[in-house]
There are 2 protein chains.
Amino acid sequence: MNMRRTTIKDVAEAAGVGVATVSRVLSGGSASPETRERVLTVAAQLDYRPSALGRNLRQRRSGGIGLLVPDITDSFYGRLADGVLACARSAGEPVILGTTGDDAEREAEEIAVLLEQGVDRVVAVPAGSGEIWEPTLRTGLTTVFAHRLAAGRHDVPAVLADDRAGVRTAVDYLTGLGHRRIAYLGGPGQDSRVSVFRQTLGALVDEELIVFARGSRDSAYAAAAGLFQHRPDLTAVLAGGNQLGEAAVLAARELDLRVPKDLSLIMFDDVPWAELCSPPLTVIAEPAQDIGYRAAELVLRAGGRRPRGALLPTELIVRGSCGPRRTV
Amino acid sequence: MNMRRTTIKDVAEAAGVGVATVSRVLSGGSASPETRERVLTVAAQLDYRPSALGRNLRQRRSGGIGLLVPDITDSFYGRLADGVLACARSAGEPVILGTTGDDAEREAEEIAVLLEQGVDRVVAVPAGSGEIWEPTLRTGLTTVFAHRLAAGRHDVPAVLADDRAGVRTAVDYLTGLGHRRIAYLGGPGQDSRVSVFRQTLGALVDEELIVFARGSRDSAYAAAAGLFQHRPDLTAVLAGGNQLGEAAVLAARELDLRVPKDLSLIMFDDVPWAELCSPPLTVIAEPAQDIGYRAAELVLRAGGRRPRGALLPTELIVRGSCGPRRTV
DNA sequence: CATGTTCATGGAAACGATTCCATCATGGTT
DNA sequence: AACCATGATGGAATCGTTTCCATGAACATG
């Protein structure tokens, strides 16, 4: 029962060369054509696969890239993860996935796990504020933020959707339809959007109409229902994500608000069911998968250098959930 | 610039003991109370974190568990993954995620990546047939299948939803409503469901009404539209997953089939948007997250022994997408 | 011809943990 | 008092790779 897997040493012996030579051949170093040939055939014959374990220890870093998202159950992050996976696969790199639940503490724990594993490249949707990342970044972790950046941390490259433009478009669209009392139903880490929201709305801004939910579905529903009940005079809502949009639709239905007659609704993030909803939801589409892919690309290409980030376009897709302001 | 991270050797020196002792203390071996105390305080002072790299090499296996799903974008697998992550987190284990696209070849590649990484525990939604897993399983990979099993491979523990019962319930429900021409719109790896479908339907079974899509959304839509156009006489559809259900709703809408008046629809897998759809979709709920959690539990607990699998209940949730057979 | 340069090559030293094994002290038993 | 069992301890080997360095050959240049 001697099922030891074949090591580089076996290959070296079988090929009649030293282990160093085998290593060089296999990792593209210099070697004479004949030996290269011989080593390669022998390696193929023995079905030799280098063990990542040995290599990782020697290089004091595990390959692979870490991926931290708030919630893999959320379609948006699912697509983002898919993008990262696609890029990683084309590079043959494994992806270690962790979820933070938009909680700074859990985020820190997940980072610790990654660090212990020797992962030195991370794509993250940051949950905690910038300081949390400070010690991590100084250990040489090359990090790329995706979808949003950590508060007060502009020294980390980030791949973002241009949601500021998205907010402007949406608000302009709604005011163009005659709406004056427009609410923003937000989630964690959307401060930048809200500031644009305020800015675009100008004199129309009403602080009571800006509410935030925590990450969960329940919290989103609670925020939406609370908002609608507390301020029945509002006529339009901008929901900051697909779970918030879902909550808004549900709450509106529960309170017998007809969309778009009583309430116009725009949602961030185009999801397949937006079209199936009745009425079909007007959305601001964000290229979630692209965000993931680009972020992974950046983190893989980064040879120690800090790459520049990217800003990807959003798109207003008009369906049926917005109408002219109701005349009370 | 000497930023070497602190190793077990540093701790040993600082505590005035041997590295072996430190290792034992940290991994729960025997040691005298005083030394244990001393080692622990010193380790804390130096902020020592054991490197998984060294440990992995020595034990010739990386910790962590591999997770293979067809498509992380699919809400069902997202929830399944979430379950796996929840369990893994409570054990402090990292999760390496790979997607197979329901393609045997890609599955094999992902397995190869995991093996190279030294991963020896895998939770997988198998794509390829049983033989593909043969060599893998013999290398000592402890595997648990989730959601479905690989064709002809009953020697691998699996955590499944009792979708056979689900199919029976759904079919009984539809026939009870008077339906006679009932279609099954399936995806990859649903043979077991279809056999129950045939069995339950008995004399009513019509092979033309059993169609399969490949994994993608497009393929699902094509299959649904083709089915509806080719056999306008059918009055009920059982969709084998949320993407297939989505496609069915879309195709029905496109062809001006009213649900449930012209067409009754039941979908496998309860997703949040099923309630938002109009009409709200009647579904067979599957405990995706539980499946993931239980599977991860099994794979973690397995101390070389092969654990027994589990069969989790499904539930018919009646909403508004099924009605009595239309009278033509 | 002597010397320097370039290359292929292999031995050996890392990398950081776990674990085998020998050693030594202690305390109890005959 | 001699002996054995027990338990704590540290040195050293080990895991599989990469990479540093020394060696020697071949070749070019003066």
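Here is how names work: the chains are called A, B, and so on, in the same order as the sequence lines, proteins then strands, and each is numbered from 1. Note: hydrogens, waters and symmetry copies are ignored here, and every other heavy atom, side chains too, is used.
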Note: A:Glu13-A:Lys9 ion pair, threshold 4.0 Å (strictly below):
no
Less than 3.5 Å apart, any donor N or O on the side chain of B:Ser51 or B:Arg55 sitting next to an acceptor on the other?
no
Under 4.0 Å from OP1 or OP2 of C:dA8: is there any side-chain N or O of A:Ser30 that close?
yes
Mind checking if B:Gly118 touches a base, just sugar-phosphate, or nothing, with heavy atoms under 4.0 Å?
nothing
Assess whether a salt bridge exists between B:Asp103 and A:Arg89, defined as any Lys/Arg side-chain N lying under 4.0 Å from an Asp/Glu carboxylate O.
no
Selected nucleotide, minimal atom distance to A:Thr35 side chain, candidates C:dG10, D:dT9, C:dT9
C:dT9
Could you encode protein contacts along nucleotides 15-27 of chain C as a string, one character per nucleotide from 5' to 3', using B for base contact, S for sugar-phosphate-only contact and - for no contact, with a heavy-atom cut-off of under 4.0 Å?
BBBBB--------
Evaluate the ring planes of A:Tyr77 and A:His147, with Trp represented by its six-membered ring, and classify them as parallel (under 30°), tilted (30 to 60°) or perpendicular (over 60°).
perpendicular
Determine yes or no for a side-chain-to-main-chain donor-acceptor pair under 3.5 angstrom, with A:Arg106 supplying the side chain and A:Thr99 the backbone.
yes
